[in-house]
*Asks:* 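Pasting a structure below so you can have a look.
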Amino acid sequence: MAEILVYVDHVDGAVRKPTLELLTLARRIGEPVAVALGNGAADTAAVLGEHGATRVLTAEAAEFADYLVVPKVEALQAAYEAVSPAAVLVPSSAENKEIAARLAVRIGSGIITDAVDLEAGDEGPVATQSAFAASFTTRSRVSKGTPVITVKPNSAPVEAAPAAGAVEALAVSFSEKATGTKVTARTPRESTGRPELTEAAIVVSGGRGVNGAENFAVIEALADSLGAAVGASRAAVDAGWYPHSNQVGQTGKSVSPQLYIAAGISGAIQHRAGMQTSKTIVAINKDAEAPIFDLVDYGVVGDLFDVVPVLTQEVQARKG
């Protein structure tokens, strides 16, 4: 069976959920070989092996943290040359899509970004994508070279599938280009205790109808009762009511949770582009003609300040 290279997204050895989802998809089309880079790379092996990685290629050079993406690209290229995989899978994020694109150029291959499903095909892996603001679903494959495919979080279940997970050192030689742009300082993101927006199973978002930064406490209370991430529409972000890092939409982040709750969001196409692949969508809006109601599974016509607190109380009561 052909080997499938899986790029590992981890923080100091703690593997992030989208990577485990990739291992599920990789097992559909071949044998997963994981590539873990940076501090704590070797510590990822146990978890990766539990979820299907037959091998784990690791490199812990300081260049991965001290410089921008090129060292990671060169390491992934070295892994590609060592393994000769049938495909390369990368979790979708702004940085990872740059890594995938640079790798595809270097190895002369085609690339598919933001896939939401993956299956084996007679002529190579077939990826499913949502196109044109999620108005259409497409199925495509790379016709040149080894497919490089980035996959959106929450596109596949995390499934245990014990494998060897044998750790192997990856030899990497960095070029002058790899150290051309140095990271001079980092500011840790302040933790909210909530899930990462793009990885969360549940997202509660507020929009123009929230009508003020202080009123986002209502959205946060519902999110916390559900163990959810908090999102915001562009209108709310542009008004300064919530951070840009929480914006959901075409110019923000794309999410695909099991449950998406939109409160006070009209449903402009730019917002829909970032959340329309959610498995279940619930909207709360006092305008019965709001476009958001065209795509929801469940809709509530009402003032969010009446509906959301009651919903929060009901969730807390059921949990209690």
*Asks:* List the atom of L57, the atom of A79, and the distance in Å for their closest heavy-atom pair.
*Replies:* CD1-CB, 4.0 Å
*Asks:* What about L37 and V73, same hydrophobic cluster or not, with Ile/Leu/Val/Met/Phe/Trp/Tyr joined at side-chain heavy-atom distances under 4.5 Å?
*Replies:* yes
*Asks:* Does either side chain, that of T251 or that of Q247, offer a donor lying less than 3.5 Å from an acceptor on the other one?
*Replies:* yes
*Asks:* Can you check whether V308 reaches I284 side chain to side chain, under 4.5 Å on heavy atoms?
*Replies:* yes
*Asks:* Tell me if the CZ atom of R234 is crowded by more than 12 foreign heavy atoms within 6.0 Å.
*Replies:* no
*Asks:* Counting distance only, does the side-chain N/O of T44 pair as donor-acceptor with the main-chain N or O of V15 below 3.5 Å?
*Replies:* no
*Asks:* So T58 and V56, do their side chains get closer than 4.5 Å, heavy atoms only?
*Replies:* yes
*Asks:* Would you say I261 and L226 make side-chain contact, with heavy atoms under 4.5 Å?
*Replies:* yes
*Asks:* With a 4.0 Å cut-off, would you call R28 and E119 a salt bridge?
*Replies:* no
*Asks:* Got L48 and L23 here, is their nearest side-chain heavy-atom distance under 4.5 Å?
*Replies:* yes
*Asks:* Which residue, K17, K253, R194, R16, forms the salt bridge (Lys or Arg N to Asp or Glu O under 4.0 Å) with E199?
*Replies:* R16
*Asks:* Are the side chains of H271 and S233 in contact, using a 4.5 Å heavy-atom criterion?
*Replies:* yes
*Asks:* Would you say that more than 12 heavy atoms from the other residues, nucleotides or ligands in this model lie under 6.0 Å from the CD of E81, or not?
*Replies:* yes
*Asks:* Say whether V282 and L295 are linked into one hydrophobic cluster, either directly or through other cluster members, by side-chain heavy-atom distances under 4.5 angstrom.
*Replies:* no
*Asks:* I'd like to know whether NZ of K279 has more than 12 heavy-atom contacts from other residues, nucleotides or ligands below 6.0 angstrom.
*Replies:* yes
*Asks:* Return the minimal non-hydrogen interatomic distance between K152 and S254, and the atom names on each side.
*Replies:* NZ-CB, 3.7 Å
*Asks:* Please determine which of L89, L118, V142 meets the side chain to side chain contact (heavy atoms under 4.5 Å, CB included) test together with P125.
*Replies:* L118
*Asks:* For A178, check side-chain contact (heavy atoms from CB on, under 4.5 Å) against everything at least two apart and list the hits.
*Replies:* V70, P71, E74, F174, S175
*Asks:* Would a distance-only check, ignoring hydrogens and angles, find a side-chain to backbone donor-acceptor pair under 3.5 Å from E60 to A42?
*Replies:* yes
*Asks:* Could you check V33 against I4 for side-chain contact (heavy atoms from CB on, under 4.5 Å), going step by step and ending with a plain yes or no?
*Replies:* CA-CA 6 Å; V33 175; I4 307 299; over 6 Å; no
*Asks:* Are V300 and M275 in one and the same hydrophobic cluster, where Ile, Leu, Val, Met, Phe, Trp and Tyr link if side-chain heavy atoms are under 4.5 Å apart?
*Replies:* no
*Asks:* Please report the interatomic distance OG(S278) to CG(D297), rounded to the nearest 0.5 Å.
*Replies:* 9.5 Å
*Asks:* Enter the distance from E3:CD to I29:CD1 here, rounded to the nearest 0.5 Å.
*Replies:* 12.5 Å
*Asks:* Working to the nearest 0.5 angstrom, can you tell me the gap between S266 OG and I292 CD1?
*Replies:* 7.5 Å
*Asks:* Flag the pair R139 and D117 as a salt bridge only when some basic side-chain nitrogen lies within less than 4.0 angstrom of an acidic carboxylate oxygen.
*Replies:* no
*Asks:* I need the D114 CG to I149 CD1 distance, nearest 0.5 Å.
*Replies:* 12.0 Å
*Asks:* Walk me through it: do T138 and T128 pass the test side-chain contact (heavy atoms from CB on, under 4.5 Å)?
*Replies:* CA-CA 6 Å; T138 67; T128 300; over 6 Å; no
*Asks:* Cation-pi check, K182 to Y67: give yes when NZ or CZ is under 6.0 Å from the six-membered ring centre and within 45° of the ring axis, no otherwise.
*Replies:* yes
*Asks:* Of the non-hydrogen atoms in N154 and T198, which two are nearest, and what is the gap between them?
*Replies:* ND2-O, 3.6 Å
*Asks:* Give every donor-acceptor pair under 3.5 Å between a side-chain atom in residues 206-223 and any protein atom, sequence neighbours left out.
*Replies:*
residue : atom : partner : partner atom : Å
N215    : ND2  : V210    : O            : 2.9
N215    : ND2  : N211    : O            : 3.1
E220    : OE2  : Y242    : OH           : 2.7

*Asks:* When hydrophobic residues are tied together by side-chain contacts of less than 4.5 Å, even through go-betweens, does L25 share a cluster with V158?
*Replies:* yes
*Asks:* Hey, is the main chain of V230 close enough, under 3.5 Å, to the side chain of N246 for a donor-acceptor pair?
*Replies:* yes
*Asks:* Under the criterion side-chain contact (heavy atoms from CB on, under 4.5 Å), I'd like the reasoning laid out for D66 against V183: C-alpha separation, chi angles, the key distance, then a yes or no.
*Replies:* CA-CA 5 Å; D66 293 343; V183 177; 5.9 Å; no
*Asks:* Kindly indicate whether the side chain of R27, heavy atoms from C-beta on, has any atom under 4.5 Å from the side chain of E159.
*Replies:* yes
*Asks:* Could you grab the distance from atom NE2 of H51 to atom CD of E21, nearest 0.5 Å is fine?
*Replies:* 10.5 Å
*Asks:* Count the heavy atoms of every other residue, nucleotide or ligand shown that sit under 6.0 Å from NZ of K144, and state whether that count exceeds 12.
*Replies:* no
*Asks:* Got Q77 and R102 here, is their nearest side-chain heavy-atom distance under 4.5 Å?
*Replies:* no
*Asks:* Are any of the side-chain nitrogens in K72 or E63 under 4.0 Å away from the carboxylate oxygens of its partner?
*Replies:* no
*Asks:* Just checking, is any N or O donor in the side chain of Y260 or S205 under 3.5 Å from an acceptor N or O on the other one?
*Replies:* yes
*Asks:* What's the verdict on side-chain contact (heavy atoms from CB on, under 4.5 Å) for L197 and V203, showing C-alpha distance, side-chain angles and the deciding distance?
*Replies:* CA-CA 7 Å; L197 181 60; V203 174; 3.8 Å; yes
*Asks:* Where do V6 and P32 come nearest, in terms of heavy atoms and distance?
*Replies:* CG2-CB, 4.4 Å
*Asks:* Let me check something: do I269 and I281 share a hydrophobic cluster, defined by ILVMFWY side-chain heavy atoms less than 4.5 Å apart, either directly or through other members?
*Replies:* no
*Asks:* Between I202 and Q258, is there a side-chain heavy-atom distance shorter than 4.5 Å?
*Replies:* no
*Asks:* List the atom of A86, the atom of P147, and the distance in Å for their closest heavy-atom pair.
*Replies:* O-CD, 3.2 Å
*Asks:* Where do A232 and A236 come nearest, in terms of heavy atoms and distance?
*Replies:* CB-CB, 4.3 Å
*Asks:* Using the test side-chain contact (heavy atoms from CB on, under 4.5 Å), find all partners of N96 that sit at least two apart in sequence or belong to another chain.
*Replies:* Y7, D9, V90, P91, S93, I99
*Asks:* First locate atom OH of Y80, then atom CG of L5, and finally report the distance between them rounded to the nearest 0.5 Å.
*Replies:* 10.0 Å
